[in-house]
Student: 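Questions regarding the structure given below will be posed in turn.
By convention in this document, chain letters (A, B, ...) are assigned in the order of the sequence lines, proteins followed by strands, and residues within each chain are numbered from 1.
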There are 2 protein chains.
Amino acid sequence: MPDNFEPDSNPLVAGDKAGLTACEEALMLRVGTVRLYSPDSPAYREGDQADNVFIIRAGIARASRLLPDGRRQIVAFLWANDLFGLAEDGAYINTIEAVTTLDVVRTPVAAMNELLRADARISLDMARRTAHSLREAQRHILCLGQLDVPRRVARFISDCASHVELFDERTNVLCMPMKRLDVADYLGTSIEAVARAVTQLESAGLIERRLRRDFLIPDPALLRDYATRATHGS
Amino acid sequence: MPDNFEPDSNPLVAGDKAGLTACEEALMLRVGTVRLYSPDSPAYREGDQADNVFIIRAGIARASRLLPDGRRQIVAFLWANDLFGLAEDGAYINTIEAVTTLDVVRTPVAAMNELLRADARISLDMARRTAHSLREAQRHILCLGQLDVPRRVARFISDCASHVELFDERTNVLCMPMKRLDVADYLGTSIEAVARAVTQLESAGLIERRLRRDFLIPDPALLRDYATRATHGS
DNA sequence: CGGGGCCTTGAGTCACTTCAAGACGGGTGG
DNA sequence: CCACCCGTCTTGAAGTGACTCAAGGCCCCG
């Protein structure tokens with residue numbers, strides 16, 4: 001049994017470890033069911049009664065929230081092995097929709113609680129996964145609070161390129177499945193600003209457009225550097 | 001023994017519950033030590049080796065990150081009963097500094113891991129606390145991504161007013177301990193923009209200045225509504 | 001080949017930033 | 001107790017990045 005569970009690794013302190021432990025996946029599968037969602041279809045909506053917890057086996061999802069005036073904030077994109085189902089007072093706080101075809105294990109909360117009670121390692125694993133999401137959320141906050149739009153877009157593209165599902169390391173080609181509107185709503189900006197930023201990054205030589213959502217990234221490290229460099233000055 | 005630990009409450013799903021369970025606090029105290037920090041002094045800095053986990057007994061702290069160009073993002077304010085010590089690959093990812101006098105229990109990670117192994121409820125509690133921070137972080141993301149500066153400030157003041165340490169419900173007076181610079185760095189804007197927003201909220205009748213950081217809030221619900229209302233239109 | 005999303009570009013406007021004074025207030029020493 | 005002083009906060013004026021509105025182009029699909 002592959003054991004990437006380490007009793008001594010503190011969930012708050014540990015780095016991001018590999019995905020599901022075999023035993024955890026088996027447990028989840030025993031009480032949960034596999035489900036598929038096609039692009040743009042929702043797993044649930046904010047405000048729905050929180051009856052299930054999900055783990056992504058494959059595909060990408062977006063977690064978003066709607067404002068009274070119809071504006072939308074995408075609070076996170078969710079990837080393979082990510083857990084979702086965050087709720088408050090029994091109701092989901094985000095809407096989850098598939099970006100690509102999405103393959104999940106859906107586990108009823110009641111059954112999940114059985115698991116948590118039966119096996120302490122699952123609680124710890126849950127804490128670790130949640131801590132991972134928290135680190136991501138804080139990175140996102142940094143991005144929204146301090147970066148101008150071209151840098152936000154650069155960072156987003158760079159982050160996408162760190163996912164093997166999307167980035168071919170041999171050809172350096174990134175295939176982003178999300179539309180401009182998704183990117184804009186994630187980065188707290190407008191579609192047009194994203195389009196302009198892409199153009200700008202291209203003329204800076206950091207990316208090259210292939211198709212509308214496919215980019216060649218000549219030097220991924222350079223792109224990453226650009227995203228973290230100061231807004232003004234050099 | 002007061003039991004606010006509920007074996008059936010899923011950390012992802014549960015609302016925010018009361019603070020430390022008596023037994024958890026006792027456990028933390030048995031292996032941890034009480035420490036005090038005076039305003040503006042750090043508990044640790046980003047990049048430091050992550051040897052300890054902390055729980056706030058009283059006081060307020062800020063969790064911040066520095067950018068290469070010296071800009072600072074405050075990713076969260078931390079309140080009584082909040083856990084901190086978030087790290088990645090053995091190093092803290094944020095700097096933690098006291099805003100007010102700060103009273104914490106500091107527990108070595110090794111000892112904390114003993115606790116986690118010995119008592120499954122502590123893992124679950126940790127997951128629940130982390131989920132709480134994640135919800136807060138997502139609210140913050142929403143704020144940074146979608147709200148204009150006056151609304152961000154309104155929401156911040158409103159959030160502060162929901163903390164009994166700062167808000168007197170009898171007089172409706174809020175005493176904010178953080179400086180304008182802290183507020184600006186938290187909200188991803190400039191000191192000046194915060195000052196102008198405060199002036200604007202005052203002339204809109206939503207707040208009244210008492211001292212520089214003390215406000216009277218005639219109608220807290222009205223202030224909260226303003227913060228969530230659309231940027232344009234009514 | 002035509003139609004409809006999706007994406008890009010342009011032009012004008014506005015909110016926020018930056019730079020620069022000035023005002024307040026709280027603490028200290030005379 | 002008052003005067004001073006320094007950090008903090010507010011206000012003003014000019015500049016700019018991003019938003020909105022609007023038009024045009026691309027690409028995929030039927």
Student: Give a yes/no verdict on a cation-pi contact between A:Arg45 and A:Tyr92, requiring under 6.0 Å between NZ or CZ and the six-membered ring centre and an angle within 45° of the axis.
Tutor: no
Student: Is A:Leu102 close to A:Leu36 at the side-chain level, that is, under 4.5 Å between some pair of heavy atoms?
Tutor: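 The answer is no; the side chains never approach within 4.5 Å.
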Student: Figure out the CG/C1' separation between B:Asp214 and C:dG26, and round it to whole Å.
Tutor: 13 Å
Student: To the nearest angstrom, how far is A:Arg209 atom CZ from C:dT9 atom C1'?
Tutor: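 Value for this atom pair: 11 Å.
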Student: Nucleotide by nucleotide, 5' to 3', does protein get under 4.0 Å of the base (B), only the sugar-phosphate (S), or neither (-) in nucleotides 22-30 of chain D, counting heavy atoms?
Tutor: ---BBS---
Student: Atom CG of A:Asp185 and atom C1' of D:dC19: how far apart are they, to the nearest Å?
Tutor: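 These atoms are roughly 14 Å apart.
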Student: Could you check whether any side-chain heavy atom of A:Ile93 comes within less than 4.5 Å of a side-chain heavy atom of A:Glu88, counting everything from C-beta outward?
Tutor: yes
Student: Within a 6.0 Å radius of atom CD on B:Gln49, are there more than 12 heavy atoms belonging to other residues, nucleotides or ligands?
Tutor: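 No, because the 6.0 Å sphere around CD of B:Gln49 holds 12 heavy atoms or fewer from other groups.
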Student: Take atom CG of A:Leu187 and atom P of D:dA18, then tell me their distance rounded to the nearest Å.
Tutor: 12 Å
Student: Could one point to a donor on the side chain of B:Arg196 or the base of C:dT18 with an acceptor on the other under 3.5 Å away?
Tutor: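 Result: at least one qualifying N/O pair found.
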Student: Is A:Glu202 salt-bridged to A:Arg209, cutoff N-O under 4.0 Å?
Tutor: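 Salt bridge: yes.
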Student: Write down the distance between CD1 (B:Ile191) and C1' (C:dA21), rounded to a whole number of angstrom.
Tutor: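 These atoms are roughly 15 Å apart.
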Student: Separation of B:Gln200 atom CD from C:dC14 atom C1', in whole Å?
Tutor: 13 Å
Student: Assess, by modelled atom type and distance only, whether the side chains of B:Arg65 and A:Gln138 contain a donor and an acceptor separated by less than 3.5 Å.
Tutor: yes
Student: Considering only C:dT8, C:dT17, D:dT10, which nucleotide approaches the side chain of B:Thr189 most closely?
Tutor: C:dT17
Student: Take the protein atom CD1 of A:Ile207 and the nucleotide atom C1' of C:dT8, then report the distance between them rounded to whole Å.
Tutor: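 To the nearest whole Å, that distance equals 13 Å.
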Student: Nearest to the side chain of B:Lys179, which nucleotide is it out of D:dT10, D:dT8, C:dT8?
Tutor: D:dT8
Student: Using whole Å, report how far CD of B:Gln146 lies from P of C:dC16.
Tutor: 14 Å
Student: Please classify the nucleic acid contact of A:Arg152 as base, sugar-phosphate, or nothing, using heavy-atom distances under 4.0 Å.
Tutor: nothing
Student: Counting heavy atoms from C-beta on, name the nucleotide in D:dT8, C:dT18, D:dC19 closest to the side chain of B:Arg213.
Tutor: D:dT8
Student: Does B:Ser190 put a side-chain nitrogen or oxygen below 4.0 Å from OP1 or OP2 of C:dT17?
Tutor: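 So the side chain of B:Ser190 is within the cut-off, an N or O lying under 4.0 Å from OP1 or OP2 of C:dT17.
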Student: Honestly, is A:Arg62 close enough over A:Tyr186, meaning NZ or CZ under 6.0 Å from the six-membered ring centre and within 45° of the axis?
Tutor: no
